[in-house]
Amino acid sequence: MQFDFTMAIGSFLVAIVVGLTGMGGGALMTPMLVTFFGVPPLAAVSSDLVAAAIMKPVGSFVHLRRGTVNLKLVGWLCAGSIPAAFGGVLIARALGHGDGVQDIIQKGLGVALLIAATGLGVRGILALRDRAEGRTAATGRRTAEPGAPAATELPDVAVRPLPTAMVGAVGGLVVGMTSVGSGSLIIVALLALYPTLRANQLVGTDLVQAVPLVLSAALGHVMFGDFQLPITAALLVGSIPGVYIGSRISSRAPGGLIRRALAFVLLASALKMFGVGTAPTVWALLGILIAAPAFWTVLRVRYGLPAFGWLRHGEDGRPALQRIK
């Protein structure tokens with residue numbers, strides 16, 4: 001297989017999203033390889049993980065310099081994720097290399113993508129409730145304040161070792177089998193366990209913990225998987241500059257719009273992993289584009305916010321009419 005410049009461009013775009021949000025590496029890169037470039041699912045997982053093992057330290061270094069990493073959480077996550085990731089590779093290996101196994105891995109990717117997209121939706125609803133209830137960083141916001149910079153002092157969170165290690169173990173197992181989860185699944189679980197962490201700090205912490213996790217899974221796939229060097233080379237050429245650019249932006253600015261776009265892409269990728277045809281996929285995505293804004297408007301009204309987000313809010317996060325009352 002010769003070097004594929006189109007694949008490199010695709011990996012560059014995906015890597016920007018990874019650096020911005022800490023999510024979407026395996027959740028976007030692997031489906032891209034399978035859907036657009038015809039790479040077998042197991043080969044896509046193996047090659048993507050090896051590329052990610054080299055790509056993720058680049059984004060992690062940026063966040064470490066910006067002070068947006070909780071190293072205690074990183075340690076406990078790795079305690080569960082590193083052995084589980086290697087175990088996930090062995091499970092995938094034990095299943096074999098036949099068409100049935102490739103189908104299982106592809107369906108597993110679809111399930112992981114749906115879970116990741118759902119987690120992004122839950123995160124958005126939490127942000128909406130924070131705004132409606134007038135929560136601030138001092139009163140226990142569950143998400144980052146709009147426009148809040150990343151370079152702020154890390155909140156003092158009480159680390160919960162056992163639940164954190166379990167999150168790492170589950171995420172590591174999924175990563176080892178599908179390459180999805182080092183960001184898409186673990187970052188959502190971190191949000192549930194540690195709601196006071198800012199969005200950018202969640203991204204930084206997740207990117208750093210993903211480095212040893214992905215290294216473990218990548219080592220397993222080099223030894224037992226279907227690693228293909230030409231695919232990995234194309235991914236690295238695009239992903240290294242992409243993740244650096246995305247991390248530079250993420251360390252300074254919020255990524256709400258990127259997360260919405262990512263959720264949409266995750267849904268589209270999941271449908272393709274389940275073998276849904278092009279026409280039904282397009283109609284389903286159009287339906288989501290129409291229904292999602294209406295659903296969001298209903299939620300805003302239910303929580304006492306203006307129906308449209310561009311109406312101005314005060315410092316307490318509540319709409320002007322509500323403050324006057």
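These values consider heavy atoms only, across backbone and side chains, with no hydrogens, waters or symmetry-generated copies.
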Engineer: Within the structure provided, determine whether Ser239 and Phe12 are in side-chain contact (heavy-atom separation under 4.5 Å).
Structural biologist: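 No - every pair of side-chain heavy atoms lies 4.5 Å or more apart.
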
Engineer: Please enumerate all residues that pass side-chain hydrogen bond (donor to acceptor under 3.5 Å, both in side chains) together with Thr164, with sequence neighbours excluded.
Structural biologist: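 Thr164 satisfies side-chain hydrogen bond (donor to acceptor under 3.5 Å, both in side chains) with Tyr194 once adjacent residues are dropped.
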
Engineer: Compare every heavy atom of Ala234 with every heavy atom of Asp4, then report the nearest pair and how far apart it is.
Structural biologist: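 It is O-CB, 3.7 Å.
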
Engineer: Should we count CZ of Phe37 as having more than 12 external heavy atoms under 6.0 Å?
Structural biologist: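 It does: Phe37 CZ has more than 12 such atoms within range.
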
Engineer: For residues Val222 and Leu49, determine if any side-chain heavy atom of one lies less than 4.5 Å from a side-chain heavy atom of the other.
Structural biologist: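 Not in contact.
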
Engineer: Should Ile9 and Phe36 be counted in the same cluster of Ile, Leu, Val, Met, Phe, Trp and Tyr side chains packed under 4.5 Å apart?
Structural biologist: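 In one cluster: no.
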
Engineer: Is there side-chain contact between Arg160 and Leu193, with at least one heavy-atom pair below 4.5 Å?
Structural biologist: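 Heavy-atom side-chain distance check passes, below 4.5 Å.
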
Engineer: If you define the side chain from C-beta out and look only at heavy atoms, does anything of Leu219 sit under 4.5 Å from Val89?
Structural biologist: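 No, side chains not in contact.
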
Engineer: Hey, does Val45 have a side-chain heavy atom less than 4.5 Å from the side chain of Leu33?
Structural biologist: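 They are not in side-chain contact.
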
Engineer: With a 4.5 Å cut-off on side-chain heavy atoms, are Ile288 and Ile290 touching?
Structural biologist: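 Ile290 does not reach Ile288 side chain to side chain.
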
Engineer: Would you call Trp296 and Leu299 a side-chain contact if the rule is heavy atoms closer than 4.5 Å?
Structural biologist: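 They are in side-chain contact.
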
Engineer: Output yes when a side-chain donor or acceptor of Ser216 lies under 3.5 Å from a complementary backbone atom of Pro212, and no otherwise.
Structural biologist: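 Such a contact is absent between Ser216 side chain and Pro212 backbone.
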
Engineer: What's the shortest heavy-atom distance between Ser47 and Thr232, and which atoms?
Structural biologist: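 For Ser47 and Thr232, the tightest heavy-atom pair comes out as O-OG1, 3.2 Å.
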
Engineer: For a quick test of reading the model, state the closest non-hydrogen atom pair linking Leu236 to Ala51 and the distance between them.
Structural biologist: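 Leu236 and Ala51 have their closest heavy atoms at CD2-O, 3.3 Å.
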
Engineer: Could you tell me if the side chain of Asn70 sits less than 4.5 Å from the side chain of Val208, heavy atoms only?
Structural biologist: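 Contact flag for Val208/Asn70 side chains = no.
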
Engineer: Between Asp48 and Thr30, is the side-chain hydrogen bond (donor to acceptor under 3.5 Å, both in side chains) condition met? List the steps.
Structural biologist: CA-CA 6 Å; Asp48 175 40; Thr30 304; 2.9 Å; yes

Engineer: Decide whether Val211 and Val214 are clustered together by the hydrophobic rule: side chain heavy atoms of Ile, Leu, Val, Met, Phe, Trp, Tyr closer than 4.5 Å, transitively.
Structural biologist: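 No, because Val211 and Val214 fall into different hydrophobic clusters, even though each may have its own neighbours under 4.5 Å.
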
Engineer: Using a side-chain heavy atom cutoff under 4.5 Å and only I, L, V, M, F, W and Y, what cluster partners does Leu162 have?
Structural biologist: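 Met166, listed by chain and number.
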
Engineer: Applying side-chain hydrogen bond (donor to acceptor under 3.5 Å, both in side chains), which residue pairs with at least one partner in residues 5-20 are found, sequence neighbours left out?
Structural biologist: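 Those involving residues 5-20 do not exist here.
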
Engineer: Kindly give the heavy-atom pair with the smallest separation between Met32 and Met7, and that separation in Å.
Structural biologist: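 Result for this residue pair: CE-O, 4.2 Å.
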
